[in-house]
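FYI, side chains are in, hydrogens and waters are out, and symmetry mates aren't considered; it's all heavy atoms of this structure.
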Amino acid sequence: SATSVAVKFAAITTSRGFFRSLGDGSGPIPFQGIMGLGPNALLSHGTTSYPSSSFMAGVAPEMAFQLCPDHGTMWLGGVDPAAQASAPVTTPLVTGLFSAYYAVNVSDVAVGGTSLGVQQSGYGPTIIDTGTSIAFVPTAALTAMTTAISGSSGYQAVFGTQALSDMTCMTTDMTSAQ
């Protein structure tokens, strides 16, 4: 977009384990900060939001991400048709209780293209977050997902009979090439 906006950032001058070392011992993660893209309700005092400032300056209030293991793209005001394999699917954001976060309603949950029968009424609003560990999954939906995943032939080929749990480290004899 040709729209230019001013943004007020907070300076992080020290950190206690937030920017941790890489797990392979090769040194600290090479990031120099965080660009928060959340709603205004999450702003620190004296800062402004890049998306909100852009939208107020006339950019269409649409935000999209292409997330890849080693790179990504963020679009404000629409998406690049050349970067998509099919038409985008959109959903309205949930307001009210979850208005401090970007949240949507989940209409169904599927694993391997097969619906697990977890409908929106049993799931509730879902926080959309591309950068932290926030995820709220109701027990019934989580049980249905972990059962479907651990019962799949792909999972069993990699992890055998190991139980899928958020409290367990998984091991495999497969190489990264496999």
Side-chain angles (χ1 to χ4, degrees), residues 1-23 28-81 83-84 86-111 115-146 165-167:
S1 162
T3 304
S4 178
V5 296
V7 179
K8 295 180 183 177
F9 289 103
I12 300 173
T13 57
T14 61
S15 166
R16 292 184 185 197
F18 190 81
F19 295 109
R20 297 176 188 96
S21 296
L22 295 173
I29 294 175
F31 306 128
Q32 295 183 15
I34 300 169
M35 182 174 180
L37 301 171
N40 289 343
L42 298 177
L43 289 172
S44 294
H45 179 73
T47 63
T48 58
S49 161
Y50 176 64
S52 294
S53 297
S54 297
F55 301 152
M56 288 189 302
V59 173
E62 298 174 7
M63 187 169 21
F65 296 90
Q66 178 187 44
L67 301 175
C68 302
D70 62 347
H71 68 281
T73 304
M74 178 184 84
W75 293 277
L76 290 178
V79 295
D80 177 5
Q84 54 195 50
S86 62
V89 176
T90 62
T91 185
L93 294 176
V94 174
T95 59
L97 176 64
F98 286 89
S99 62
Y101 303 96
Y102 295 126
V104 297
N105 284 320
V106 172
S107 62
D108 192 10
V109 175
V111 173
S115 171
L116 301 180
V118 179
Q119 301 301 312
Q120 195 281 321
S121 61
Y123 202 96
T126 302
I127 294 174
I128 303 299
D129 194 329
T130 62
T132 68
S133 58
I134 294 176
F136 299 108
V137 180
T139 302
L142 181 61
T143 299
M145 286 187 277
T146 56
S165 168
D166 65 349
M167 300 303 285

S.K.: Tell me, please, which residues at least two apart from Ser115 pass side-chain hydrogen bond (donor to acceptor under 3.5 Å, both in side chains).
M.R.: Asp108
S.K.: Measuring from atom OG1 of Thr146 to atom CG of Leu116, what distance do you get when rounded to the nearest 0.5 angstrom?
M.R.: 9.5 Å
S.K.: Restricting to side chain to side chain contact (heavy atoms under 4.5 Å, CB included), what partner residues turn up for Ala6, sequence neighbours left out?
M.R.: none
S.K.: Applying side chain to side chain contact (heavy atoms under 4.5 Å, CB included), can you list everything that pairs with Thr48, at least two apart in sequence or on another chain?
M.R.: Val7, Lys8, Ser53
S.K.: Could you tell me which residues satisfy side chain to side chain contact (heavy atoms under 4.5 Å, CB included) with Leu43, sequence neighbours excluded, listed by chain and number?
M.R.: Asn40, Thr47, Ser49
S.K.: Nearest 0.5 Å, please: how far is CD in Gln84 from CD in Gln66?
M.R.: 10.0 Å
S.K.: Please set out all donor-acceptor pairs under 3.5 angstrom arising from side-chain atoms of residues 55-65, sequence neighbours excluded.
M.R.:
none

